[in-house]
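Since the structure comes first, as structure tokens, the remarks are kept for the end.
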Amino acid sequence: MARTERRRGSVFLMALTALTVLFILGFSITYFTGSEDMSSAVSYESEVAFNLAESAVEEFVARLKNSLNHDDANNQLYKVLRANNTKTEEKIPLDAPQVARLTSYTRETAKQVFGISVDRGFVIDAVIVLKHINGVEAKSGNKTLYNIKKDFKEKQGELTVNASVTYRGQTAKVSLSFLIRVVKTFVPPFNYFTLYVKDGTVFGNSHFNYSPSDIGAQAKNLRLDHGWRSIPGQEKFDALDNVAYWENALSLTGNNAQVPPGRVYMGQDPEANMPPSIILQSTNGTKLLTEITSDGGNSRRPLNAQENLFLKFDVVPSSEGGSWVGMKDYVKKYMELQGQEKTKDGLLGLWTGWNNDTKVRLINVGSDKILTDTKETLGEPTFGNAMISFNNYRNQRIARSSGNEKLLVERLYPEPANSGLDLFGTAELEGKPSSPKDGRINTRNISPTLVYGQVWRMYYRIVSIMTKSGKRLELPFINIDRPADGSAPPIPVPEDIKPGTNLTATQAQNLFTLFGVPKDHVQALVDNWNEIPEGLTEMKKYQNFMSDAGVEPYNAGLGNLIQRVAGKQEVYAGPLKDHLIPFLANEPYSGMPSQLSSIVTQSPIREFYEGDLWYALPDMGDAYLMDFYFIPRSTEDFFRGRTTISIGGSVYDRFHFKYINDVGNYLSGTKGQVIELNGILALNDAETLRLNRLRFRGHGVIYSSPMMGGGAVSIQGDLFPAAAGEAAAGRDSNPERDMLTIIAPQIEIDTSTADADPCYIEANLISVNQPIIVKGSKSVRIRGQLVVPSLNIKDSFQTPGQNVIEYNPLNTIWRKDKPMIMDELYVAKIVTGGVGKFEWKYEHD
Amino acid sequence: MTDSRRRRSAFSLIEILVVVMLLSAGILPIYSLMKSGQRRIVRADTRVIATLYGASAIELARTLGYARAQKLNMEKDFVELRENAAKNGFNLEFACNLQPLLPLPKGAKPVHLLRVIVTVTANNRTFTDIPVLRFVTILTDPRYNYY
């Protein structure tokens, strides 16, 4: 009974137990499968959130790249990066609306595909911390050579973007930090110059006076155009019509200074203790010829004004009948102003020993074949009569030297027929004149500017006298002085000819013949010797009056031009007066005239560069100084070996693949492909970088570092902005205001494959160690600036015809007047690779 | 008799019926729990594998980069991945869109954002709530260095 009772209800217990077990099992399964299900969902949702966060950052960077250099009303970052008063070392959050715009596609995708609320599930913020990029101070011992000042618009900084995406409760965070640099793409101090020649002396291998000109026709020359027509409102600039404008514009200093015009620097070693020794010959010596039958003011024509316009006024005052001035008056009023050694004024200045019976005419001319060739003449004066003896004297001086010294002497004493460089542009003769009256000149290419450095202009004074009886005689060059160094004179004179004694007609005949004065002219002088004032028969005094070469500081030519245009025969005293005092510089120097102090200390070039301009382009041994400037500003990856050999043996150039728009077409030889470069690219590969018939887009600097072994850059054919279009007439338009600067140990241009003549290169060219070489069958027009260590025009410009360097105003013009456009010259780039960092951080919930 | 009958007595029919009812009432929800558990397991399993395939495809797209990712379905690695997925009962679909980045400088080479969408679906699964999983990434052209 008891056992039976014990069994009663056990089935329930068993059932309940089984149920309990089943329930436990069931709930366990439910729990575990639910957990499995949830974890798989979490895994997927987390993956989605992560992909979206990563995509958001990717899109942010892509759009950021675009907006870094694109200004628009809503682009806060563009303005912050270019401001010169942006707070540094502080976190600057980007505007939320801008961040939203920079991730719009990812937001749209998140909403469309996953239904994620962009308000709650999608949080992105970005913060930037900026600091300035240091300037560069170069020292030699304790002496500061130069200081490239800190530019407060240039910056580098770290931008951090944080993306947090939540999908069904799962949050993924992606954070990216990267370096941003904001750098200018014009290069101080060179950006102020149309032409910069570090060493302009013949001792530094420069040579400017090599090409003969023949009555205005310059066989070859290098003409500078300083970009006046680029100034808003000056599109029709003509230096002769707009004298007052450019006279005042050039006199402005400091922040008010206008650039353009691009300026010119020709230097000589400040530590060499040399006298100023850069000499440029003016071109063309044939202006103001007169027809002998009607010698008067009305018959003279500016047959060939080129450069002659920049010479001292001629002594042919209209008050004196338009052509001649009495000798006495000449001595009193003009002699000193013409750079001649004035003879004594005599008692109280009343009795000079001269009278006005004999008249004088002085015409200042530039170099030309006509000075050394009597066969070529367009009338009186016959320049050869005056200057052939000068050329003979020069030739004898050269003949005493040999080898390298002879070459130096040849260049130190250039042939009167030769010239080659027009710093102030040209006024070209339109056709060779058959008579004095038919000459016409084109003055559109006159382009005044300021020249920095110790530069002289060499020219020729052609002096004629008219005797009492009306005989006109050129006074030939004679030199009976012994050289200052005690050496024998190049043309030894007979012993009976001594300073202080009056020559007889026979002695004069012998002397003039000895110096090679044309025979007919010697005869004319001898025939009229008794009519020549007594003072002039004494050689010491004669040498004060005679035809001779003269030099004056190059900038003085600006005053001369102003006076010539105004028809004034007096020394210039206008607003530019003090700028024309020798010699203009960027840094005060020993012995500098006090009038230059404020001009030099307010030189506009000092905005970024303080120091002697000589040091701006380093010597070969100091080339690393350029790295100090460019490497901290580099925005592109270093290639570390540009040329690469791929599997299969084919060679390719990483520069081509990275920076040329359609590399396939480029490599197959199609012209007109485009370099797309914004920022500063430093190259360190010795291989020559060839740019073959390319166009370019962007604001870029290609810096082939001389210090790091960077090679030359060779430009073949044209190189100009892609947006300019192919038509030659449209090449100057540059609607996108693109600018390219190329810096390399040497730059070469081959013009042969250019579309037209001249070959058109729109780029700033800085050839650091070796002078530029331009060769090929066409001439070249460089729009930009040319910077070279020295310039031998004959070797550097091996092209036919006239070559032109035209200042590109983008280098400076907009700084003051157009700040928004100037800002475009500052490029902001995300810097990666070997130059900057690019750091991802991931975080899953 | 009574004692003997008592000694032979077993579970009554009522007891059996009650127990059967109890068991039935208990097992049915347990069956349901097990059924839903099974479904969850299948779904989780599907989702895990699909996530693996999807993530792999996205990773592949990112590894191949902007240019090649545009033709991901022609890429050998993706084809292999898709075949492998098919063997395991999954289907991988690839789609992409190019979204232009604006504004562009005049004449500049167009720049796009590439959106890659990989959709993973399970084949031959008996349950109807097997999820269709989508994976998205956005790529940009890293070669394009103009800006």
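Per chain, numbering begins at 1; letters A, B, ... match sequence-line order.
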Compare all side-chain heavy atoms of [X] with those of [Y] and state whether any distance is below 4.5 angstrom.
X: A:Asn66; Y: B:Val111; result: no
X: A:Glu59; Y: B:Gln99; result: no
X: B:Asn97; Y: A:Tyr105; result: yes
X: A:Arg63; Y: B:Leu101; result: yes
X: A:Glu58; Y: B:Thr137; result: no
X: B:Arg40; Y: A:Thr30; result: yes

Would the number of heavy atoms belonging to other residues, nucleotides or ligands and lying under 6.0 Å from CD1 of B:Ile14 be above 12?
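No, because the 6.0 Å sphere around CD1 of B:Ile14 holds 12 heavy atoms or fewer from other groups.
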Should we say atom CZ of B:Arg134 is surrounded by more than 12 heavy atoms from elsewhere, each under 6.0 Å from it?
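At most 12 heavy atoms, drawn from other residues, nucleotides or ligands, come within 6.0 Å of this atom.
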Ionic contact status for B:Arg115 with A:Glu108, cut-off 4.0 Å
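Not counted as a salt bridge, because no side-chain N and carboxylate O are separated by less than 4.0 Å.
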Does a side-chain N-to-carboxylate-O contact under 4.0 Å join A:Asp37 and B:Arg39?
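No, this pair does not count.
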Output the distance between atom [atom1] ([X]) and atom [atom2] ([Y]), rounded to the nearest 0.5 Å.
X: A:Leu25; Y: B:Ile30; atom1: CG; atom2: CD1; answer: 8.0 Å
X: B:Ile117; Y: A:Asn51; atom1: CD1; atom2: CG; answer: 11.5 Å
X: A:Ser40; Y: B:Leu133; atom1: OG; atom2: CG; answer: 8.5 Å

Could you have a look at B:Val20, B:Ile16, B:Val136 and say which one has the most heavy-atom pairs with chain A under 4.5 angstrom?
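Greatest number of close heavy-atom pairs with chain A: B:Val136.
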Please flag which part of [X] lies under 4.5 Å from any non-hydrogen atom of chain B: side chain, backbone, both or neither.
X: A:Gln112; answer: side chain
X: A:Ala41; answer: both
X: A:Tyr31; answer: neither

Is B:Leu52 close to chain A through its backbone or its side chain, or both, or neither, when contacts mean heavy atoms under 4.5 Å?
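Neither; nothing under 4.5 Å.
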Provide the closest heavy-atom pair for A:Ile29 versus B:Gly37 in the form atom of the first, atom of the second, distance.
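Closest approach of A:Ile29 to B:Gly37, heavy atoms only: CG2-CA, 4.1 Å.
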